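Take a look at the structure set out below.
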Amino acid sequence: MFEPQDPNRIQLNSNGQLKHFITTEGLSKALLTEILDTADSFIDMSEQQVKKVPLLRGKTVVNLFFEASTRTLSTFELAAKRLSADVLNLNISTSSTSKGETLKDTLQTLEAMHSDMFVVRHSDSGAQHFIAQHVSPDVAVINAGDGRHAHPTQAMLDMMTIRRHKGAFEPLVVAIVGDILHSRVARSQIHALRTLGAAEVRLIAPKTLLPRHIEMLGVKVYTDMNEGLKDCDVVMMLRLQKERMKSALLPSESEFYRLYGLTEEKLKLAKPDAVVMHPGPINRGVEIESSVADGPRSLILDQVTNGIAVRMAVMSMAMSGQVAEKNNRMEAAQ
Amino acid sequence: MIVAIENGRLIDPKQQRDEVTSIYLQDGKVVAIGQPPAGEITQRIDATGLVVTPGLIDMAAHVREPGYTQKGTISSESAAAVAGGITTLLTPPTTSPVVDNPAVAELIVDRAQATGLANVLPMGALTKGLEGEQLAPMHALHRSGCVAFTNARAAIPSSLTLMRCLEYASTHDFLVIFQPQDAQLAANGCMHDDTTCTRLGLAGIPETAETIEVARCLLLVEQTDVRAHFGQLSCERSVRMVMDARNRGLNVTADVAIHHLLLSDENVDGFNSMFHVIPPLRGQLDRAGLRHALLNDGIQAICSDHQPHDPAAKQAPFAATEPGISGLETLLPLGLLLVEQELITLPQLVEKLTAGPANILGLAAGSLAVGEVADLCIFDPEAQWEVLPETLRSTGKNTPFLGMTLKGRVTSTWVAGREVYQLNA
């Protein structure tokens, strides 16, 4: 009795351009490729003397972080500044919102400051959906991570890193290893890899860290890391939170490291030219051996560099999607 | 004073009656069917083209008073009930304060009587404060109007305490109602744990959160010989377990909320908080199982599980919103959808909304035989109406059906021979 929801309805304008960036799920291969191409063009720029472009000149970007972050927040800030935007960073710990101000009230306050873009991180899955539905029509919402749901800019910077090192996605076997259950990164990576045409996406984790029926997303599930790593082109590690031991999801860090930690020894099972990625921050000796993290096959620092370019790409694309939508509205009104 | 309701389709499943006829009310009772009784008819109601049934009985409807009057009051929610053809409703003890002492039960009963619309019957708490430790004074609560006892969705942690609650209820032949949910398996969860949940990255509630508690309760029901009812089951497996127990001779029954017969977990896609309910909307197989159970007597009643909210309660990210659907006024039209889908017949639907719940509760209601109390619902099965904030009388406008056009509208509701609701009045 209810039509199935089109996940794109919320993030695309009537021309099919990005106006918010909430999730990689449901976006077309062409659009994901456009994000990667745009980001590539910004990489070249960052090597020049003057690192700024005027794409967001006169626009106000608010980084609205309801969850602590250093890496994501600073790369978003840098990306916005390189696009010539005015940037406001707001760290709103969840404790201050629990003092009574609702998310909707917070939004209205910020809108009164005439912001043009909200970059939002929130601990509740779907928070950015809610915000995109409740902000005034011209404001773009960029998801910087919501609960366990999505972290689309992280996934796209990972895709960019893979493409710059491996070229086409079609022949690639990619393994995602670790705490899939709690990972918004993994979910966004899976959708992006599937849409971009990776040959195989594998998940490697114990059953306590695998969400139910995850294979429905078109992935192969392995509980044995040695089997799962066989002949992989890309190994993407996930961060393991220390709290997982307390909630009986894992017996100990050392047992996890023995079974699911990426060591030089285990990496030998992957293809000789396989690359290793990690969204950071790394727990050395918990999910990855130091020599692997710092080794020649690690792309961890490339990921950070690419992160700025990808964030510049989606911010500029969403802003122009908003402008186009506004023009459409004004034409329709005339 | 004789009221004649003439030429309606009178459906009274308890008497296996389904015919176009007239029904006559006097002194709050049904006095005749078909042939008018002796005496002057003072009011005639033309029910041509309308359906006349016993007043509907809702096994679970939160009225939010005392304690949460921003979400609803006995007066606002009784008005919503009668607008939905519901003349009797059971309200859970999860008020503030909890219905664990006679004063709270009396307050609810008194306010409902003062409002003079629907019969509002409180459920008493099984344990003090619903904390699962000490017995609530069930006998005193019963004397103050509690018709059944429940610990609501707060499962009693100690099986020993639960057993003693059931033994005590059994001592006085009180009905115990379970809203089964394992506290740990459901902790922090907000939707059915399956593919949609995995995609959305929400915390899931597995079926076992319900079935494990159903199993524990059934074993203790068997041991204590208490009369027990399982409310708002969401899993096919739970319904089968209760049915198996009944087939073994246990005195157990079950109901389902109307939305679990129509919606599924896939509706949560898009994070619409209107679909946030506990127990959660399950998968399509569970929904099919619940629907099938209407046909083989696996489920004896359909309820609204009415949970009105203030707007702010639903305006937040999905997991941070409060669960529940405002459902009193859509119970009948959504039930008629099951008839339109040819799942059940109209008399079967009416049975699940009248005689079914009356039997579970042992109420002298749910039938329109001569001599019975004249609680009636009269509705136009073809009338269409749009579910809008302004067409709902409930304080709670929180329903996923908002904006939809539904078929079937109550035109008039009678409680003890008195018209308490008239459409367009």
Side-chain angles (χ1 to χ4, degrees), chain A residues 1-10 22-23 25-26 66 94 97-98 100-107 120 122-134 145-151 180-188 190-191 203 210-217 219 247-248, chain B residues 184 187-208 258-259 261-276 281 283 287 310-321 330 333-334 337-338 340-341 400-406:
Chain A
M1 65 191 309
F2 291 91
E3 294 296 310
Q5 289 274 327
D6 174 5
N8 282 324
R9 204 175 44 114
I10 196 158
I22 309 283
T23 172
E25 186 180 7
F66 294 89
T94 37
T97 47
S98 66
E101 188 177 58
T102 67
L103 182 53
K104 215 181 162 198
D105 292 334
T106 309
L107 280 181
V120 187
H122 199 285
S123 57
D124 279 327
S125 299
Q128 284 79 340
H129 267 78
F130 175 79
I131 292 169
Q133 280 163 340
H134 289 86
D146 64 321
R148 308 174 183 180
H149 172 240
H151 193 352
I180 315 283
L181 177 66
H182 300 93
S183 179
R184 52 192 173 214
V185 175
R187 284 174 177 80
S188 287
I190 292 167
H191 295 304
L203 305 182
L210 283 165
R212 218 169 177 197
H213 297 159
I214 186 87
E215 66 284 352
M216 297 292 282
L217 299 183
V219 294
S247 42
Chain B
Q184 281 75 39
N188 308 319
C190 60
M191 77 168 292
H192 175 51
D193 193 10
D194 205 335
T195 316
T196 306
C197 181
T198 291
R199 277 184 41 237
L200 297 182
L202 291 167
I205 302 178
E207 296 93 337
T208 44
I258 184 72
H259 44 261
L261 296 168
L262 293 167
L263 305 175
S264 69
D265 62 336
E266 291 168 16
N267 294 117
V268 177
D269 205 349
F271 296 102
N272 182 349
S273 63
M274 293 301 181
F275 293 102
H276 184 191
L281 300 171
R287 182 178 58 182
D310 51 312
K314 287 288 188 185
Q315 288 181 347
F318 191 88
T321 57
T330 48
L334 292 175
L337 212 53
L338 301 175
E340 195 173 295
Q341 292 167 352
F401 303 100
L402 217 59
M404 284 183 76
T405 299
L406 297 180

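Since we're looking at a predicted model, the values are computed, not measured. Residue numbers begin at 1 in each chain, while the letters A, B, ... track the order of the sequences.
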Checklist line | Atom pair CZ (B/Phe271) and CD1 (A/Ile10), whose distance is rounded to the nearest 0.5 Å | finding: 9.5 Å

Check: Within the side chain of B/Thr198, is there an N or O that forms a donor-acceptor pair under 3.5 Å with the backbone of A/Pro211?
Finding: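 Not a single qualifying donor-acceptor pair exists.
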
Notebook entry, point to check: Just by distance, do the side chain of B/Arg199 and the backbone of A/Leu217 share a donor-acceptor pair under 3.5 Å?
Noted result: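 No, the answer is negative, given that no donor and acceptor are paired below the 3.5 Å cut-off.
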
Check: Between A/Ala150, A/Ser183, A/Gly147, A/Gly126, which residue shows the highest count of heavy-atom pairs closer than 4.5 Å to chain B?
Finding: A/Gly126

Checklist line | Greatest number of heavy atom pairs closer than 4.5 Å to chain B - which of A/His182, A/Arg148, A/Met216, A/His149 | finding: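 Most pairs with chain B among the choices: A/His149.
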
Next item on the list: Return the minimal non-hydrogen interatomic distance between A/Ser125 and B/Gly201, and the atom names on each side.
Entry: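 Closest approach of A/Ser125 to B/Gly201: OG-O, 2.5 Å.
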
Notebook entry, point to check: So which heavy atom on A/His129 is nearest to which on B/Gly270, and how close?
Noted result: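 Looking at all heavy atoms of both residues, the shortest contact is CD2-O, 4.0 Å.
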
Margin query: Quick check on A/Arg187 against chain B: is it the side chain, the backbone, both or neither that has a heavy atom closer than 4.5 Å?
Written below: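 Side chain only.
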
Next item on the list: Quick one: which of B/Leu337, B/Asp193, B/Leu202 has the most heavy-atom pairs under 4.5 Å with chain A, could you say?
Entry: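 Most pairs with chain A among the choices: B/Asp193.
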
